[in-house]
There are 4 protein chains.
Amino acid sequence: MPPKSSSPRPADVTRRNEASRRAILTAAFDLAGEIGFDKLTIEAIAARAGVGKQTIYRWWPSKGAVLLDALLALSEPDNAAEAPEAGLPDTGDLEADLKLVLRATVAELADPRFDRPLRGLTSAIMHDTDLAATYAERLQSPVDALKRRRLESARAAGQLAPEVDLDIAIALIWSPLMDRWLLRSGPLTPEFADRVVETALRGLRP
Amino acid sequence: MPPKSSSPRPADVTRRNEASRRAILTAAFDLAGEIGFDKLTIEAIAARAGVGKQTIYRWWPSKGAVLLDALLALSEPDNAAEAPEAGLPDTGDLEADLKLVLRATVAELADPRFDRPLRGLTSAIMHDTDLAATYAERLQSPVDALKRRRLESARAAGQLAPEVDLDIAIALIWSPLMDRWLLRSGPLTPEFADRVVETALRGLRP
Amino acid sequence: MPPKSSSPRPADVTRRNEASRRAILTAAFDLAGEIGFDKLTIEAIAARAGVGKQTIYRWWPSKGAVLLDALLALSEPDNAAEAPEAGLPDTGDLEADLKLVLRATVAELADPRFDRPLRGLTSAIMHDTDLAATYAERLQSPVDALKRRRLESARAAGQLAPEVDLDIAIALIWSPLMDRWLLRSGPLTPEFADRVVETALRGLRP
Amino acid sequence: MPPKSSSPRPADVTRRNEASRRAILTAAFDLAGEIGFDKLTIEAIAARAGVGKQTIYRWWPSKGAVLLDALLALSEPDNAAEAPEAGLPDTGDLEADLKLVLRATVAELADPRFDRPLRGLTSAIMHDTDLAATYAERLQSPVDALKRRRLESARAAGQLAPEVDLDIAIALIWSPLMDRWLLRSGPLTPEFADRVVETALRGLRP
DNA sequence: TTCTAAACGAGACGGTACGTCGGGTCTTAGA
DNA sequence: TCTAAGACCCGACGTACCGTCTCGTTTAGAA
């Protein structure tokens, strides 16, 4: 990600040290997983990456931006394939497919290696609208597109009522999970995911 | 709220200076509304409240705990009445009542005086399980009880399917709002609230 | 020692709790010996003595004053006898007597139990003229009187030149020891004490 | 002066900011003269010098060390000349020369601009053996060398008894002054200095 | 012997400074 | 020119004590 925007130094991207960039992203992700985002410091990232602090400040506007890039980088290196994000499963059975996806999400969020960086990034997004915009563009909107595509497929198959707003449908299905995860307002179990899918779909079917 | 637990000094609650306590809570809430929770500092709260820092550290384990108490205190002083929390409206028309409540929530969350402290507190809760526990006990569970009571009333009136899990129902209705608010993943409008209520209720009715 | 002066409350000496007073002085002296005067705190004295802080502030103006009293109290309890201060030895041989006294002083100053409190008190006196005045009156002047008496006896015996100013003589004999002790500008040995006495007396004899 | 020793970070002396160093020393000396050493705080020095606290903690282990450096720096900048320390006066008349020097010392110690920092530094030295060692090496021993040189010159001129230990002689001449100054055990006047010189020399002459 | 005012143990309070941490900027050397 | 290293100014941290100020609770002299 380029620096804030236009302001201080454009910074010549072509001269950028790729090894340092990867070391920083790896260090940031690992440290966020180990000690949590809020205890994460730029100094610690720089030290772990064997990099000067300035090299971080030159290329990223905040530690949230570093972490966002770090998460994005998790998919990139496998480059072309992009298998993990190639699409939501579509067996023709919407309920089963959604349960599968949500159960996978539940499992991922239960792993501290992912919970902590994601939680931290989410918290950063809550407070930093610039970062939120980048997040929306780079992570959320592609993922939402996948969800929407699956629901469109279901609608085409007559499994969803035509008049249902897909944005609302997505919110109904995924928000309860996010809420439980972020606020720990209840146990985040596969069963909960199943119940949410079942109940939401009651209202989404024709 | 007494300090974490047993460890250093129990601190004698009977000797507590009530004026200082209120000054701290007021200062914390106001400052959080003015500059945001993450830029809020204990020193600033102490200075604004005309209080020594130690007086804050003596009674609260973190600035999140201060802010939680500050929010709780907003209802208390109105004492017995407790009108605002007396219950959700129950006109017999569940959909209308829910829309009313959700629209009010949307309005409140749009006001920076509430958005900022609440957002900060929510962020703190995400990272601090002790605080989350206190939050769950003092704020979330009473509010959830009100929601649940309204839904039970609706179920008794035959407006909800008997087999619906009320916790899931609550999640379906309120989570989409929280998600949009926290992550700014879309505009948080009264219309959105209406759509969510309508769609969720499709699946909750008998 | 009574409080500062007239100002707030005269404090009724007759009601004073003797047990607390002794506990404070003992605690102050012991703590000064253990951790040194500058790390000594009123709170620690109060805690060790099992006494409220106010009881110290009520009766002493500063921790230096407490420590001075503590040192004075070391001689008092042996009551009337006052043997240790009854007078400097007077065998008729001035040089031998002085060497004896100075060697004893050297030994005392080498003992951390005395070095630390005395060093701290001396430091306090250096910065606090009120305390210095009390010190001069209660400790220094009686001791100086003893020294002067011994030198007068020597002068009467024809061992000192009549024209010598006794204050100067006292300074010449004792100051080098104090200097070495306070500033650690050289080893504080019995031999040093002997040399000083010998050299000083060369100039003091008729 | 580099930090205590090896422990945390050696701190790269070549990168040190000379302007900050001088500002700190000047601020420390001035403040010590204005408010006294014991009321001197690191924070005040940093504020007056327009410097971060850490810049002081990085390079000095204690405020005593700062003040010692500040005093040493008073002579340095005049660099080569070093006139003030070029040597004690040597007119051939030892008694007159010593009186001159001691009277000058008395005058200096009477000036609060010097009394306060020196008194504070002396007090710090009394309690801090590390600092005392630095002091002995950097300030005391060069000064003592000057004194010793003058006395050797006098001995060569037959004005001192050959058998007199010069360390003892130095102590006899200068200690009484230091004592009166530090403990205010009597008026520190030029007359006192004269008397001390006269009496001490009685015993030091052949 | 009771009453009452003080001294007392305890410790909360408004403050000041501590020594440390990390932020973000700036400078120096080396590749 | 970018980088690793790290010194710098700054602000906040959480802690330790300061000296003052209540709180009940002894306690000792006067009534």
Side-chain angles (χ1 to χ4, degrees), chain A residues 8-9 11-17 19-20 39-44 46-47 49-59 61-63, chain B residues 8-17 19-21 23 39-44 46-47 49-59 61-63, chain C residues 8-17 19-21 39-47 49-59 61-63, chain D residues 8-17 19-21 39-44 46-47 49-59 61-63:
Chain A
R9 310 223 182 117
D12 184 348
V13 186
T14 68
R15 285 184 161 269
R16 186 166 188 184
N17 183 330
S20 291
K39 288 182 182 159
L40 183 64
T41 65
I42 299 277
E43 295 209 328
V51 137
K53 278 200 292 179
Q54 196 56 36
T55 302
I56 299 181
Y57 284 111
R58 179 146 40 227
W59 299 108
S62 66
K63 71 177 177 172
Chain B
R9 309 266 168 83
D12 184 346
V13 186
T14 68
R15 289 198 184 264
R16 187 165 186 180
N17 183 332
S20 292
R21 185 183 146 269
K39 288 183 183 157
L40 183 62
T41 65
I42 298 276
E43 295 207 327
V51 140
K53 279 200 288 179
Q54 200 58 34
T55 302
I56 299 182
Y57 285 112
R58 180 149 42 226
W59 299 109
S62 66
K63 70 177 176 173
Chain C
R9 315 246 173 97
D12 184 347
V13 187
T14 67
R15 294 182 90 103
R16 185 165 188 183
N17 183 331
S20 291
R21 185 183 146 266
K39 289 183 180 156
L40 184 63
T41 65
I42 299 277
E43 297 211 328
I45 297 173
V51 139
K53 281 200 291 178
Q54 198 57 32
T55 302
I56 299 182
Y57 285 112
R58 178 149 41 229
W59 299 109
S62 67
K63 71 177 176 172
Chain D
R9 307 271 166 82
D12 184 346
V13 186
T14 69
R15 296 209 172 213
R16 185 164 188 183
N17 184 330
S20 292
R21 185 183 145 267
K39 289 183 181 156
L40 184 62
T41 66
I42 299 276
E43 296 211 330
V51 139
K53 277 199 290 179
Q54 199 63 15
T55 301
I56 299 182
Y57 285 113
R58 179 149 42 228
W59 299 108
S62 66
K63 70 177 177 173

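Proteins come first, then strands; the chains are lettered A, B, ... in the order of their sequence lines, and each starts at number 1. Because the structure is predicted, anything quoted here is derived from the model rather than measured.
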Self-check item: For A/Ala49, all residues meeting side-chain contact (heavy atoms from CB on, under 4.5 Å), sequence neighbours excluded
Solution: A/Ala23, A/Ile24, A/Ala27, A/Val51

Quiz item: What distance separates D/Arg58 CZ from D/Thr55 OG1, expressed to the nearest 0.5 Å?
Solution: 5.0 Å

Quiz item: What's the spacing between C/Lys63 NZ and C/Thr41 OG1 if we round to 0.5 Å?
Solution: 7.5 Å

Quiz prompt | Contact pattern, 5' to 3', of nucleotides 13-21 of chain E - B, S or - by protein heavy atom under 4.0 Å | solution = BBB-BBBBB

Exercise. With DNA chain E as reference, determine whether A/Ser62 or C/Ala46 sits nearer its 5' end, using the nearest nucleotide of each.
Key: C/Ala46

Self-check item: D/Arg21 and D/Trp59: CA distance, side-chain angles, deciding distance, side-chain contact (heavy atoms from CB on, under 4.5 Å) verdict
Solution: CA-CA 9 Å; D/Arg21 185 183 145 267; D/Trp59 299 108; over 6 Å; no

Self-check item: C/Ile56 CD1 to E/dA10 C1', straight-line distance once rounded to whole Å
Solution: 13 Å

Quiz prompt | Residues which pass side chain to side chain donor-acceptor pair (under 3.5 Å) with A/Glu43, listed by chain and number, not counting sequence neighbours | solution = A/Lys53

